[in-house]
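Every chain is numbered from 1 and lettered A, B, ... according to where its sequence line falls, protein lines coming before strand lines.
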Amino acid sequence: MKPAPFVRHVPATVGGATDMLAEFGPQDGRILAGGQSLVPIMAFRMARPAHLIDINGVAELARVSRIDNTLSIGATVRHAAFHRPVADAEMGRMLSTVVRHIAHYPIRTRGTFCGSIAHADPASEWCLVASTLGAEMVARSKRGQRVIAAEDFFEGIMSTALAEDELLTEVRLPILPSQAHFGFYEFNRRAGDFAIAMALVTYRVTDGVIAEPRVGLGGAEARPRRIPEAEAALKGRPLEAKTFQAAAEAAAQAIDPIEDIQADAEYRRELVRAVTRRALERSVP
Amino acid sequence: MSVPTQGSGMTWVGRSIRRLEDPALVAGQGHFTADLQAAHWVRFVRSPVASGRIDRIGVPPNANVITAADLAGVKPIKPMLHKFSYVPVAQPVLAADVVRFVGEVVAAVVAASKEEAEDIADRVEIEIVPLTAVTDARRALAAGAPVVHPEAPGNVIVEGRIKTPDFDATRASAHTLIQFEAHSRRQNATPLEARAGHTAYDGATGRVTLTCTTQMPHLTRTAIADVLGMPESDLRVIAPDVGGGFGQKMSLTPEYVILVWLARRLRSSVAWTEDRRENLMAGFHSRDQVITLEGAFDKDARLTALSADIIANVGAYSCFPTTCGVEPLMAMAELPGPYQAQAYDCVSRGVVTHTCPMGPYRGVSRPVITFALERLMDKAAARFGIEPIEIRRRNLIDRFPYKSATGLTFDEASYRQTLEMAVEHIDLPAFRARQKQARAEGRYLGIGFSTFSERTGYGSPAFAARGMEITPGWENVEITMDPSGLVEARIGSSPHGQGLRTTLAQIIADEIGVEPRQIRVVHGDTDRAPYGWGTFASRSLVIAGGASLIAAQKLRTKLLKIASHLLEASAADIVLEGGMAKVSGTDRSLPIATMARQAYYQTHRFNGEIDPGLTEIGAYDPAGTFSNACHVAIVQVDIETGHVAIEKFLVAEDAGRIINPMIADGQVHGGIAQGIGNALLEEIVYSDTGDILTSTLADYLPPTAREVPVIELHHMETYSDASITKAKGVGEGGAIGAPAAVINAINDALAPFNIEIDEIPATPRKIRATLRSAMEKRA
């Protein structure tokens, strides 16, 4: 096997998983769900967990359910669950639009929504969705349960507020209001690659102008987040090219871009301008 | 197999019969090196440092770890070239005192399983005192640059120069001079199957069998026997099914030498399967070149003189057998391409750096020189205000044989005709109208042409011109019909996905009148096949095909003689077809299988006039031939993101007689896919300190099916006397022509911005940077 040696533990219940995490978390223990990010990193021996707690057998974590205006997504729900709408109207459409940008089909059948959130790659589509919509992350440990807001959850590149004994059991996504508009645009070099920059926008239209705008950016900074400057450029303005252009410009100016071999800061800023405007253009039916 | 039965007068050659090798492959019945089990597994420990002195190698207790100190008596790999100021440099099988690139093998861990070997390798401590590394060829040429090998203080280890006597005068009388720099970034051929090797020791004979994923089993045997100082016949090399090579598997790798050494030392079996990271770091790189090109044109836009300064970054060592001269010297010899420039001045250097060694990759230098030369033609067309197709019309070779400025003889081909064929199918006026309309809407479409020659099927004289110590070129084929009428053709060439078992069977079938599926082509085993050079340089169908034809013709002559005896008719009246020998104009016939039995078991009936048995040998060593094609790409460039989408890709090509159109199309498709990768996506990146930043497939980006458009193919067949089967090579053309077509299309799309992109790959980031600086200048 390519990875460094490790011990695999297989809990049957959430309680069992958090017990194990309490014991093994401090000894380099990690949760294994779909394994589509963790296992490749282990194969390079860049991650060397001594213990893997495999939650794939915990039945109660495999559910998507709607409670009032919240969509609850359990820890082992696969990306592929969103290929078809899991919620009514815009919410279901938004998720099934975004999911098609996540890697490739075989990976989507195995990788999980919550795994992406816990892994916190800045280029993760689900992290962008969670940030833009203001998701709540439910963390369970032997010590109890707490709910963490998206803005507090993502701390940096692959770094979250989860403690080493905490299991992300569920992500609660607020359902988009009826008649919401959304637009998503992702730029990458090949189909299925990590986003170099992407934008998700949502808003409602009241009296012919934009209300409750949300502009989220991913892949551009160390963590996905909403861009208040871009939202301010939209709020109360009519749906027109000039508005979108102004919001895109505001987003490009507001970011603190990451740099890598695909994109330097200046290019990423240009991409942010383009993806923000295009996400807005796609939001218009 | 759904092959239509052969009708009278129909030949097997020219038909798209299904590949004989595929049923086993698609049913999972293929044999690959990595399927083999072994008593011992190896994990190589590689240098994490680009340049440095090895201070200490710390081995975990009770571990079996081999280092250079254990390899006394093993010679380094030191390929030789007797021309072009070549400086031989030695590559130790395991790095001895110094390391010269990240990924160089420093130690070999031997354990009972792959898993244990990985874990032990993890605990081997290598302490290296780092020295300053140089990864860029131009920096390596500068005064005071770090010296990679003390034998070559200026870091140049091969240098070719050519200048025709008329060059200065011709250039001086030019109407227009166009000069620019073309950059090609470093690439990895990325075969689906990375390298793998397995060695087994036979206690009875002391022989070792090396099974490995190679394109050249006999040359691998020769090289390893030389390095280890063992008789060649004590080593058997088998290339089983091989999952692509593209040139990357035609150079000797130190890893295989160590596997053979270990099998002899341990008197046991030893295996290694490379992972993708090792392959991207150390499995040979290619095409890292800078070409400064100048074209001199007369007033009618005719290219009269061409000059070039070619710098090829050949990495840390020189590859065996071609040597690192393969890129710079091929670039020098073939740069003038299909154009009639007779005045030529070229300096071409191979420069060593602290990077992975260069090895040949599909097309070798020709994707780069074609890209450079085709950029020159488009730049000149723009300067003269004519269409790119018009400047090509004026300059393409149209009389044959044509002798090039570098002394190559171009045989009959169809440079002009394939260009016109492509133009006709693309409908250029309609495109220009659409382009104009799109620009008005802020969409940037472009069209790019690439016309090129592809030197293929060249024998030993061509290789001898390079001064290679081991000079490949010819091929032998032995054909045996067994007593039951089945045919075995043993070839020295070694296909690794090209479908040669099918195409050679088609050639042979037409001569001896049996179906291709009754012909088994045996290759890739030095104990079973005659000495041969392997499959590379678009040579196998031409040369092994020619040798197969010669052997099959001899066998046919013998079969006709036997039939003449048994049917009591003149050989001239007998035809061999459909598994039968028939006397024309009569109902007399005999199954060929019956004749085969007689050839072995009833030889007394031939009154001593026919030798027993049915084995014939054919040998072929041609001078070489040129295939040609015109590629056309239509792209859309997203000027905000720099993204390039290929809307259409069209090819008009001529590879002489097509033996199997389906297989030929597949070769072109695959080459174009790689060419698109080279044009837009694939780039090996080193940091200034020599770290490789693209060692996974998350960073090194070959195209996927989504990035490769539907390819429209049109064929033309020119029958040249340079090939006895009339077939020319078709293995590399797709890869050679595609980058130039795509880059020219991008430049055409961006013409309104008055910028030039002269670099492959043209990544979106670079396109944006170029657009940005153009706009800043304008502002």
Side-chain angles (χ1 to χ4, degrees), chain A residues 1-6 36-37 40-46 48 100-101 103-107 121 123 185-199 219-220 241 244-245 248-249 252 257 259-278 281, chain B residues 43 113-123 185 273 275-278 280 638-645 676-677 680-687 691-708 761-773 775-776:
Chain A
M1 219 167 356
K2 305 297 290 178
F6 60 87
Q36 298 304 293
S37 299
I41 297 173
M42 287 171 61
F44 292 131
R45 298 195 174 210
M46 285 156 64
R48 297 161 176 255
R100 284 169 207 287
H101 293 266
H104 302 278
Y105 186 82
I107 292 172
D121 189 307
Y185 193 94
E186 174 172 331
F187 181 79
N188 48 23
R189 292 186 58 194
R190 299 179 306 181
D193 278 351
F194 286 107
I196 302 177
M198 62 184 159
F244 294 168
Q245 193 64 46
E249 194 55 47
E259 298 198 73
D260 53 34
I261 60 167
Q262 307 291 359
D264 54 17
E266 203 167 6
Y267 179 45
R268 251 204 181 84
R269 223 180 269 288
E270 293 172 342
L271 289 176
V272 162
R273 186 179 294 120
V275 298
T276 306
R277 206 199 66 238
R278 290 174 188 192
E281 285 166 358
Chain B
R43 174 78 184 170
S113 69
K114 274 183 206 173
E115 294 76 9
E116 283 173 69
E118 289 261 4
D119 290 344
I120 297 167
D122 215 24
R123 303 205 311 273
R185 302 298 174 187
T273 306
D275 64 32
R276 186 58 64 181
R277 198 144 173 262
E278 290 180 283
L280 284 168
D638 180 338
I639 61 158
E640 285 185 323
T641 64
H643 185 257
V644 176
I676 288 170
L680 299 175
L681 292 161
E682 297 180 39
E683 180 175 2
I684 294 279
V685 182
Y686 280 97
S687 73
D691 280 329
I692 181 162
L693 305 179
T694 47
S695 66
T696 77
L697 291 176
D699 307 303
Y700 187 76
L701 310 177
T704 72
R706 294 271 293 272
E707 283 73 47
V708 179
T763 62
R765 172 185 178 166
K766 286 176 209 157
I767 291 174
R768 262 310 307 165
T770 311
L771 280 164
R772 189 191 308 136
S773 67
M775 285 166 184
E776 279 163 7

Query raised in the report: Among A:A43, A:P40, A:A191, which has the most heavy-atom pairs under 4.5 Å with chain B?
Result: A:A191
Requested in this report: Tell me, for B:D699 versus chain A, whether the close heavy atoms (under 4.5 Å) come from the side chain, the backbone, both or neither.
Outcome: both
Query raised in the report: At a heavy-atom separation under 4.5 Å, does A:D264 approach chain B through its side chain, its backbone, both, or neither?
Result: both
Query raised in the report: Looking only at atom types and distance, does a side-chain atom of A:E270 sit under 3.5 Å from a main-chain N or O of B:E640, one as donor and one as acceptor?
Result: no
Requested in this report: Using a cut-off of under 4.5 Å on heavy-atom pairs, state which of B:D638, B:T704, B:L693 scores highest against chain A.
Outcome: B:D638
Query raised in the report: For A:F44, does the CZ atom have more than 12 heavy-atom neighbours from other residues, nucleotides or ligands under 6.0 Å away?
Result: yes
Report summary line: Honestly, the part of A:R277 sitting under 4.5 Å from a heavy atom of chain B is side chain
Requested in this report: Check whether any side-chain N or O of A:Y267 sits under 3.5 Å from a backbone N or O of B:T641 as a donor-acceptor pair, and report yes or no.
Outcome: yes
Requested in this report: Examine whether an atom of B:S695 lies under 4.5 Å from a heavy atom of chain A, and if so say whether it belongs to the side chain, the backbone or both; otherwise answer neither.
Outcome: neither
Report summary line: Ranking B:T694, B:T696, B:L681 by heavy-atom pairs under 4.5 Å to chain A gives rank one to B:L681
Report summary line: Assert top hit (heavy-atom pairs under 4.5 Å, partner chain A, pool B:P702, B:G642, B:A117) equals B:P702
Query raised in the report: Is it the backbone or the side chain of A:F187 that comes under 4.5 Å from a heavy atom of chain B, or both, or neither?
Result: side chain
Report task. Under 4.5 Å heavy-atom distance to chain B, tell me which part of A:A263 shows up: side chain, backbone, both or neither. Result -> backbone
Query raised in the report: Can A:K2 and B:D119 be said to form a salt bridge (Lys or Arg N to Asp or Glu O under 4.0 Å), step by step?
Result: CA-CA 9 Å; A:K2 305 297 290 178; B:D119 290 344; over 6 Å; no
Query raised in the report: Is it true that a side-chain atom of A:R190 and a backbone atom of B:R706 form a donor plus acceptor pair closer than 3.5 Å?
Result: no
Report task. Please look at B:L697 and chain A and tell me whether the side chain, the backbone, both or neither of the residue comes under 4.5 angstrom of a heavy atom of that chain. Result -> backbone
**Report entry** B:Y700 atom OH, neighbour heavy-atom count above 12 within 6.0 Å
**Finding:** yes
Query - Backbone of B:L701 reached by a side-chain donor or acceptor of A:R189 within 3.5 Å - result: no
Query raised in the report: Within the side chain of B:R765, is there an N or O that forms a donor-acceptor pair under 3.5 Å with the backbone of A:I261?
Result: yes
Requested in this report: Would you sort out whether B:E118 and A:R45 count as a side chain to side chain contact (heavy atoms under 4.5 Å, CB included), showing the intermediate values?
Outcome: CA-CA 10 Å; B:E118 289 261 4; A:R45 298 195 174 210; 3.4 Å; yes
Query raised in the report: Checking A:R278 against chain B: side chain, backbone, both or neither under 4.5 Å from a heavy atom?
Result: side chain
Query raised in the report: Quick one: CD on B:E707 to CG on A:D193, what's the gap to the nearest 0.5 Å?
Result: 7.5 Å
